[in-house]
There are 4 protein chains.
Amino acid sequence: MAPRSQNPEEVKERILRSASDEFARIGFDGARVDRIAKRARVSKNMLYYYYKSKQQLFIAALEKTYEVLREDQKDFSSPELEPLQALDQLIHQTFISLERNPNAIRLLNEENRHEGKFLKRSSRVKNLYNPLLQSMQNILYQGCKSGVFRSNLDPVIVYLTFSSLCYHYLSNQFTLQIALNRSLESPTARQDWVKHIREVIHMYCLAEHRRPDSSI
Amino acid sequence: MAPRSQNPEEVKERILRSASDEFARIGFDGARVDRIAKRARVSKNMLYYYYKSKQQLFIAALEKTYEVLREDQKDFSSPELEPLQALDQLIHQTFISLERNPNAIRLLNEENRHEGKFLKRSSRVKNLYNPLLQSMQNILYQGCKSGVFRSNLDPVIVYLTFSSLCYHYLSNQFTLQIALNRSLESPTARQDWVKHIREVIHMYCLAEHRRPDSSI
Amino acid sequence: MAPRSQNPEEVKERILRSASDEFARIGFDGARVDRIAKRARVSKNMLYYYYKSKQQLFIAALEKTYEVLREDQKDFSSPELEPLQALDQLIHQTFISLERNPNAIRLLNEENRHEGKFLKRSSRVKNLYNPLLQSMQNILYQGCKSGVFRSNLDPVIVYLTFSSLCYHYLSNQFTLQIALNRSLESPTARQDWVKHIREVIHMYCLAEHRRPDSSI
Amino acid sequence: MAPRSQNPEEVKERILRSASDEFARIGFDGARVDRIAKRARVSKNMLYYYYKSKQQLFIAALEKTYEVLREDQKDFSSPELEPLQALDQLIHQTFISLERNPNAIRLLNEENRHEGKFLKRSSRVKNLYNPLLQSMQNILYQGCKSGVFRSNLDPVIVYLTFSSLCYHYLSNQFTLQIALNRSLESPTARQDWVKHIREVIHMYCLAEHRRPDSSI
DNA sequence: GATGAATGAGATTTCATTCAT
DNA sequence: CATGAATGAAATCTCATTCAT
């Protein structure tokens with residue numbers, strides 16, 4: 001009656017995607033295993049066959065999310081790019097990646113509400129950002145050497161600065177729109193915001209004599 | 001057995017506080033009406049007497065949260081302060097307020113996950129930020145007139161910039177700590193971050209000749 | 001639709017009786033909470049309202065069983081009875097009590113399979129047999145003083161002896177019948193067995209010169 | 001992945017042992033086919049290949065148990081032994097056998113809870129005790145002829161008497177210990193009990209003039 | 001105002017068993 | 001012989017909400 005003997009990898013993947021959607025939309029507690037199974041066109045039992053529990057499923061979804069995010073941010077150490085361009089592109093890519101992948105924000109928020117308890121059990125995620133920070137370090141170092149950036153920039157701080165600006169805009173767009181009474185959803189509004197982030201980062205990172213003119 | 005006949009206002013307040021804690025800690029779906037009632041030392045029936053449903057209770061908690069937040073940000077239009085000092089203080093106060101009130105972040109995130117559906121029904125919250133934006137407008141205008149700030153600054157953008165930096169750091173501290181492998185919880189780490197936010201905002205807002213020396 | 005607001009004590013009692021039946025018939029693991037609730041004409045939720053879990057329900061059933069058993073064995077210290085008659089009556093009553101209360105045997109066996117883990121959590125059952133052993137002590141002491149019984153009889157050993165003979169006959173009647181190829185269910189078979197137990201106990205307890213003639 | 005191609009008899013034996021353990025420990029309903037298979041290091045499908053269902057597996061385990069028990073009680077009709085010694089040894093062996101084989105007690109109890117329904121379907125077990133009863137008959141007859149035992153002893157009754165005393169002590173040790181507040185597990189406690197059983201049986205079976213002195 | 005008792009729907013998880021290979 | 005994947009039914013327990021008093 002139901003499909004038998006499918007490709008197990010594909011089944012696991014379908015379950016995971018369905019779980020990501022559900023967890024992102026309604027959070028861990030609100031999420032329903034029934035719905036996850038149904039949308040994955042799998043019986044509940046199969047779900048439990050592959051993932052041992054709702055928790056484990058959540059962890060798997062979270063790990064997948066991180067991996068996708070990191071994948072999106074990968075191509076920045078390309079040495080042909082000028083440091084400033086590399087930074088600009090990283091900012092742009094970070095924003096695009098979060099924008100394209102709204103589940104990611106929701107899952108990360110969810111995980112933060114649970115104070116990191118799921119992630120703590122996952123060894124796959126720890127230090128996942130090391131390569132990114134490493135390549136940011138490179139960018140900043142190159143930029144400093146060539147006199148474009150000021151010295152002593154901490155890559156963690158720089159990353160935290162622009163990623164906060166990307167993330168929060170998207171993450172809290174609904175309450176922000178209502179409270180600030182301004183639309184944040186239109187493509188132009190978003191492009192403007194990315195441009196703004198770049199400007200902020202430029203002002204912060206560039207050496208004094210290279211800073212943009214403020215009278216734009 | 002005998003009716004307690006307590007002050008109804010106090011009872012409502014107790015319920016609301018308990019609800020805020022529960023909703024913040026476990027989200028709307030995970031929250032349990034039983035637990036809220038028990039922690040408020042109230043019978044479930046009383047809870048339903050004062051608030052009609054779990055949803056209404058959530059809305060009430062959300063509204064309360066916004067009011068507290070706004071209350072915290074109130075005293076900045078004081079005309080005695082220099083514009084730059086006023087801005088600095090607003091940043092500081094925003095961070096402190098979110099830090100002291102972790103429920104607020106969780107509730108706002110929760111509301112964003114629900115795509116603002118609760119807030120849309122609440123008339124009390126809309127335009128709640130108008131006074132704040134108005135006083136920011138004043139600060140920026142004064143600063144511009146006196147040549148401290150550059151011209152054409154958009155108060156919404158400036159507010160969004162520093163509040164993103166305050167909010168995201170606190171909201172996502174758990175995943176950030178794990179992914180970036182750096183502690184964000186210590187008082188000094190937090191003070192440093194506030195200082196950093198101020199620096200970023202200064203660079204962005206100050207007129208060119210007033211900008212801080214980047215070689216700090 | 002369903003009966004509202006019944007006498008809660010009666011409801012609890014109904015649940016307990018139904019649970020005893022179910023646990024006795026099918027054991028802890030085989031027992032179904034659904035069936036227990038249905039037979040008690042109660043919704044499952046009410047069952048969980050009064051007893052927190054299946055385990056607690058089992059413990060409650062076990063405690064009730066012990067209390068009923070002990071109640072049945074109560075009236076033996078009556079000082080008017082001759083020691084020998086008192087002993088005879090205790091044997092008889094023990095057998096009757098177990099025979100009338102087949103759930104008791106099943107529940108006790110169940111508890112033994114679980115190696116006493118439920119009972120260990122119950123404070124109500126421990127030393128429940130103290131009064132019985134005390135009154136047996138009295139009987140044996142009186143009998144010894146009057147020269148009917150031999151001296152140095154251990155009440156625990158005597159009790160264990162005749163209760164083993166009562167219990168095992170009833171507990172294992174099904175396998176015994178098949179293996180020994182003899183009916184054990186008829187009233188006369190049972191009366192004969194009780195008579196046999198009495199004879200065995202007499203031979204063991206009576207002083208030498210009082211022992212029954214073996215050539216019956 | 002590659003077929004193990006093990007000795008089928010050995011595989012069946014492993015399954016049976018694992019099943020005995022599981023059924024004894026947790027009863028028929030609580031037992032899990034998964035666990036039985038895993039502990040036997042066999043895939044579930046193999047288990048179903050050799051035994052058609054959980055029920056059949058239980059019956060097989062039960063039959064095996066009876067055979068082992070009977071095997072243990074076999075060597076008593078040896079005509080060299082004096083009748084009294086033969087009886088003593090049979091008692092001793094019965095106790096030892098049950099003590100060494102705790103699964104047996106649990107399985108028999110389980111079967112009794114099911115009111116013998118599994119056993120009724122098994123032809124192998126019926127009259128399994130005939131040889132034992134036959135040899136008891138011989139012992140009692142020899143003993144009577146030589147004046148050691150009194151006449152008219154029913155072997156079924158005698159067997160039932162001492163086997164009740166052996167079985168119940170072991171079967172219900174956990175509840176008995178708690179209710180009677182006396183340890184029954186130590187080797188000396190058990191030796192004492194076997195000695196007690198012998199004394200009881202002696203008093204019951206021996207001809208009047210041969211009975212032991214009660215003033216021990 | 002206040003409470004204990006009650007409800008119906010539904011949540012996660014488990015299990016004996018079978019199919020396809 | 002042997003296995004991983006699949007299934008359907010059912011089990012225990014939970015929860016927001018309401019009724020009767």
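Note: hydrogens, waters and symmetry copies are ignored here, and every other heavy atom, side chains too, is used. In what follows, every chain begins at residue 1, and chains take the letters A, B, ... in the order their sequences are listed.
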Quick one: is [X] getting a side-chain N or O under 4.0 Å of the [N] phosphate, OP1 or OP2?
X	N	result
D/Tyr49	E/dT18	no
C/Tyr48	E/dA5	no
C/Ser43	E/dT7	yes
C/Arg32	F/dT12	yes

Hey, which sits more toward the 5' end of DNA chain F by its nearest nucleotide, C/Ala31 or B/Asp29?
->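 The residue closer to the strand's 5' end, by nearest nucleotide, is C/Ala31.
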Starting at the 5' end of DNA chain F and moving along, which residue's nearest nucleotide shows up first, B/Arg35 or A/Met46?
->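 Comparing both residues, the 5'-ward one is A/Met46.
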Checking contacts here: which listed nucleotide ([options]) is nearest the side-chain heavy atoms of [X]?
X	options	answer
D/Lys44	E/dT13, F/dA9, F/dA6	F/dA6
B/Lys54	F/dA16, F/dT12, F/dC1	F/dA16
C/Ser53	F/dC13, F/dA5, E/dA2	F/dC13

For [X] and [N], give me the distance from atom [atom1] to atom [atom2], rounded to whole Å.
X	N	atom1	atom2	result
C/Asn45	E/dA5	CG	P	15 Å
D/Lys52	E/dT18	NZ	P	10 Å
B/Lys38	F/dT14	NZ	C1'	14 Å
C/Asp34	F/dA9	CG	P	16 Å
B/Ile26	F/dC15	CD1	C1'	13 Å
C/Ile36	F/dC13	CD1	P	11 Å
D/Phe23	E/dC15	CZ	C1'	13 Å
B/Leu47	F/dT17	CG	P	10 Å

Can you list the stems that include DNA chain E, where a stem is three or more consecutive Watson-Crick or G-U pairs with distances under 3.5 Å?
->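 If one scans DNA chain E for consecutive Watson-Crick or G-U pairs, the stems found are E:2-21 with F:2-21.
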Donor-acceptor check, side chain of [X] to backbone of [Y], threshold 3.5 angstrom: yes or no?
X	Y	value
B/Glu22	B/Val33	no
C/Glu111	D/Thr175	no
C/Arg14	C/Ala40	yes
A/Lys54	A/Phe28	yes
C/Asn112	D/Phe174	yes

How long is the gap from CG on B/Leu108 to CG on B/Leu62, to the nearest 0.5 Å?
->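 If we round to the nearest 0.5 Å, B/Leu108:CG and B/Leu62:CG are 6.5 Å apart.
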Return yes if a side-chain donor-acceptor contact under 3.5 Å exists between C/Asn109 and C/Ser171, otherwise no.
->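 A donor-acceptor contact under 3.5 Å links the two side chains.
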